[in-house]
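Single-structure report; data block below.
Owing to the predicted nature of the structure, the values given are computational and were not obtained by experimental measurement.
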Amino acid sequence: MSENRIIDVHTHITTPRFMKMLEDNNALWEDGFPIPKWNLKDCLDTMDELEICHAVLSESSPHPFYGNLQESIDVCRDLNDTAADAKSKHPDRFSFTATLPLPDINAACHEAVRCMDELGASGIKFASNSRGLYIGDPSLEPLMQELDKRGAVCTIHPTIPDRLNQDVFSAGPVPMFEFIADTTRAVINMIASGVIRRYPNIKWIVPHSGSFLPNIYPRFISIFDILDPTHEKYGDINVEADIKKLYFDLAGHPVPHLLDFLMTIADSSHILYGTDSPFPPKGFVVKGLQDFINMMDTREDLKSYKTMILHDNAAALILH
């Protein structure tokens with residue numbers, strides 16, 4: 001890979017204000033693991049080491065809302081202003097998707113417009129659910145209208161679902177199962193509610209090699225004809241067409257069988273590279289990228305997709 005020709009669409013930002021909110025709400029371990037700190041210098045150093053020319057910053061999880069709307073507004077503004085500052089200082093190195101104080105719709109719309117129109121955000125980062133509010137909920141329609149008008153690029157990131165029985169093992173280390181399950185749930189809800197069809201100008205990035213979508217794809221295609229053969233409840237849903245519009249990132253160590261599986265449902269021009277930094281240890285990220293490059297270099301069926309996935313697809317989506 002030539003120097004500085006990788007675009008990372010999945011890298012995360014935290015701020016001291018965000019960390020203080022988690023501490024105040026006893027949520028530092030909400031996801032079952034510690035939240036890493038972030039600073040601009042370390043981020044740039046990691047990018048340089050990995051030959052990443054551009055990164056899309058976003059907040060990860062937990063979702064910054066704990067019942068106090070003003071607290072959430074303040075923390076979201078702090079996260080977004082910090083990301084915008086990085087973009088302003090290094091416009092060739094950074095883009096960002098903004099964090100919103102959902103589930104409050106009015107505050108979320110206000111912050112979305114501010115970030116996209118004033119701060120230069122590429123779009124919005126949606127939690128898979130915002131304290132129980134899933135993408136596709138009718139209350140989100142005003143926000144979707146604003147994003148569609150602006151051709152927003154929206155990233156989805158998993159977070160813990162509501163009302164999880166904490167005695168179930170998978171509820172503890174949330175990334176092991178619930179993150180993947182809740183991302184899948186969010187995308188299913190988007191498709192079933194018609195969001196992708198109603199707002200065709202919004203581009204959606206699904207994380208972690210599509211989560212469980214490749215696994216359930218055949219079942220998902222057929223289920224509406226089986227359960228709603230007259231289309232009275234769900235209307236004319238075209239699962240195949242909707243999924244073809246989605247973009248997918250490879251954050252989370254894209255081992256060969258996951259990429260192969262993802263490519264059964266995703267167009268090669270819609271697959272993007274992501275590191276998930278700074279959550280995994282740097283050594284894990286370095287090894288994961290090298291393993292991925294080695295896989296692309298040694299498999300004849302993948303060689304032609306290497307620069308597409310590592311750079312060109314994201315450049316066309318984010319840097320156009």
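- Applying the salt bridge (charged side-chain N to carboxylate O under 4.0 Å, His left out) definition to pairs two or more places apart or across chains, none involves residues 8-18.
- Put simply, the side chain of H208 never gets that close to the backbone of I180: no donor and acceptor are under 3.5 Å apart.
- Aromatic ring centroids of F279 and H12 lie under 6.0 Å apart.
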Item to check | Steps toward side chain to side chain contact (heavy atoms under 4.5 Å, CB included) verdict (K287, D291) | outcome: CA-CA 6 Å; K287 184 179 185 305; D291 287 348; 2.7 Å; yes
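- More than 12 heavy atoms of other residues, nucleotides or ligands shown are found within 6.0 angstrom of NZ on K303.
- With sequence neighbours left out, K149 forms a salt bridge (charged side-chain N to carboxylate O under 4.0 Å, His left out) with E146.
- Looking at R198, its side chain does come within 3.5 Å of a backbone N or O of S193 through a donor-acceptor pair.
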Next on the checklist: Evaluate M47 against T275 for side chain to side chain contact (heavy atoms under 4.5 Å, CB included), listing each step before the verdict.
Outcome noted: CA-CA 10 Å; M47 290 170 64; T275 65; over 6 Å; no
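- In this structure the side chain of P158 never reaches within 4.5 angstrom of the side chain of E178, judged on heavy atoms.
- The minimum heavy-atom distance linking G120 with F96 is given by the pair C-CE2, 4.1 Å.
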Checklist entry - Run the side chain to side chain contact (heavy atoms under 4.5 Å, CB included) check on S139 and L133 step by step: do they pass? => result CA-CA 9 Å; S139 67; L133 179 72; 3.5 Å; yes
Item to check | Evaluation steps, salt bridge (charged side-chain N to carboxylate O under 4.0 Å, His left out), between R197 and D242 | outcome: CA-CA 7 Å; R197 297 191 307 279; D242 280 358; 3.5 Å; yes
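- Transitive grouping of hydrophobic side chains (ILVMFWY, heavy atoms separated by less than 4.5 Å) keeps I202 and L317 in distinct clusters.
- Two residues are said to be in side-chain contact when any heavy atoms from C-beta on lie closer than 4.5 Å; S130 and F65 fail this criterion.
- Pairs of residues two or more places apart, or lying in two chains, that qualify as salt bridge (charged side-chain N to carboxylate O under 4.0 Å, His left out) and include a residue from residues 69-79 are R77-E111.
- Of all non-hydrogen atoms in L302 and M263, the two that sit nearest each other are CD2-SD, 4.0 Å.
- Atom CG of L100 is separated from atom CD1 of I73 by 11.0 Å, given to the nearest 0.5 angstrom.
- Ion pairing between a basic and an acidic side chain is recognised when a charged N comes within 4.0 Å of a carboxylate O; D42 and K37 show no such pairing.
- Considering every non-hydrogen atom in both A121 and A98, the closest pair reads CB-CB, 4.4 Å.
- Hydrophobic clustering (side-chain heavy atoms under 4.5 Å, transitive across Ile, Leu, Val, Met, Phe, Trp, Tyr) groups M21 together with F33.
- Considering L57, V56, N80, I124 as possible partners of T97, the one that fulfils the side-chain contact (heavy atoms from CB on, under 4.5 Å) test is V56.
- Under the 30°/60° scheme for interplanar angles, the aromatic rings of F94 and H90 are found to stand perpendicular.
- The minimum heavy-atom distance between P207 and T183, with the atom names listed, is CD-CG2, 3.7 Å.
- From W38, atom CH2 reaches atom CG of L79 across 10.0 Å, with rounding to the nearest 0.5 Å.
- Side-chain atoms of T99 never come within 3.5 Å of backbone atoms of K125 as a donor-acceptor pair (strictly under, hydrogens ignored).
- Across every non-hydrogen atom of S61 and I35, the tightest pair is O-CD1, 3.6 Å.
- In this structure, the side chain of R93 engages the main chain of I52 through a donor-acceptor pair within 3.5 Å.
- Counting heavy atoms from C-beta on, the side chains of I318 and I7 never come closer than 4.5 Å.
- Under a 3.5 Å cut-off, the side chain of N189 and the backbone N or O of R185 do not form any donor-acceptor pair.
- Note on L143 and Y134: separate hydrophobic clusters, where clusters join Ile, Leu, Val, Met, Phe, Trp and Tyr whose side-chain heavy atoms are under 4.5 Å apart, directly or indirectly.
- No side-chain heavy atom of I160 sits less than 4.5 Å from a side-chain heavy atom of P62.
- Classified by interplanar angle (parallel below 30°, tilted 30° to 60°, perpendicular above 60°), the ring pair W204/F126 is tilted.
- Taking both residues in full, the closest heavy atoms of H311 and C53 are given as CD2-SG, 4.0 Å, listed atom of the first, atom of the second, then distance.
- Within 6.0 Å of the OH atom in Y217, the count of heavy atoms belonging to other residues, nucleotides or ligands exceeds 12.
- To the nearest 0.5 angstrom, C109 atom SG is 11.0 Å from E141 atom CD.
- A distance-only check finds no donor-acceptor pair linking the side chain of D276 to the backbone of G252 [under 3.5 Å].
- Note: the hydrophobic cluster containing V153 does not contain L102 (ILVMFWY, side chain heavy atoms under 4.5 Å, direct or indirect links).
- Checked by atom type, the side-chain pair N313/H270 shows no donor-acceptor distance below 3.5 Å.
- Put simply, CG on L272 and CD1 on I309 are 8.5 Å apart, with the number rounded to the nearest 0.5 Å.
- Residues L147 and C154 form a side-chain contact, since some pair of their non-hydrogen atoms from C-beta on lies under 4.5 Å apart.
- Both M308 and M295 belong to a common hydrophobic cluster when Ile, Leu, Val, Met, Phe, Trp and Tyr are linked at side-chain heavy-atom distances under 4.5 angstrom.
- Judged by distance alone, with hydrogens and angles left aside, the side-chain atoms of D249 form a donor-acceptor pair with the main-chain N or O of A251 at under 3.5 Å.
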Next on the checklist: Walk me through whether I188 and T184 qualify under side chain to side chain contact (heavy atoms under 4.5 Å, CB included).
Outcome noted: CA-CA 6 Å; I188 289 173; T184 307; 3.9 Å; yes
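- A salt bridge is defined here as a Lys NZ or Arg NE, NH1 or NH2 lying under 4.0 Å from an Asp or Glu carboxylate O, and R114 with D81 meets this definition.
- Using a cutoff of 4.0 Å between basic side-chain nitrogens and carboxylate oxygens, D297 and K306 are scored as salt-bridged.
- Looking at I205 and H10, their side chains never come closer than 4.5 Å, going by heavy atoms from C-beta outward.
- I221 CD1 to I237 CD1: the interatomic distance, rounded to the nearest 0.5 Å, is 12.5 Å.
- Between L259 and S209 there is no side-chain heavy-atom pair separated by less than 4.5 Å.
- With rounding to the nearest 0.5 Å, the separation of OG1 in T15 from CG in N39 is 12.5 Å.
- In this structure the side chain of L50 never reaches within 4.5 angstrom of the side chain of I6, judged on heavy atoms.
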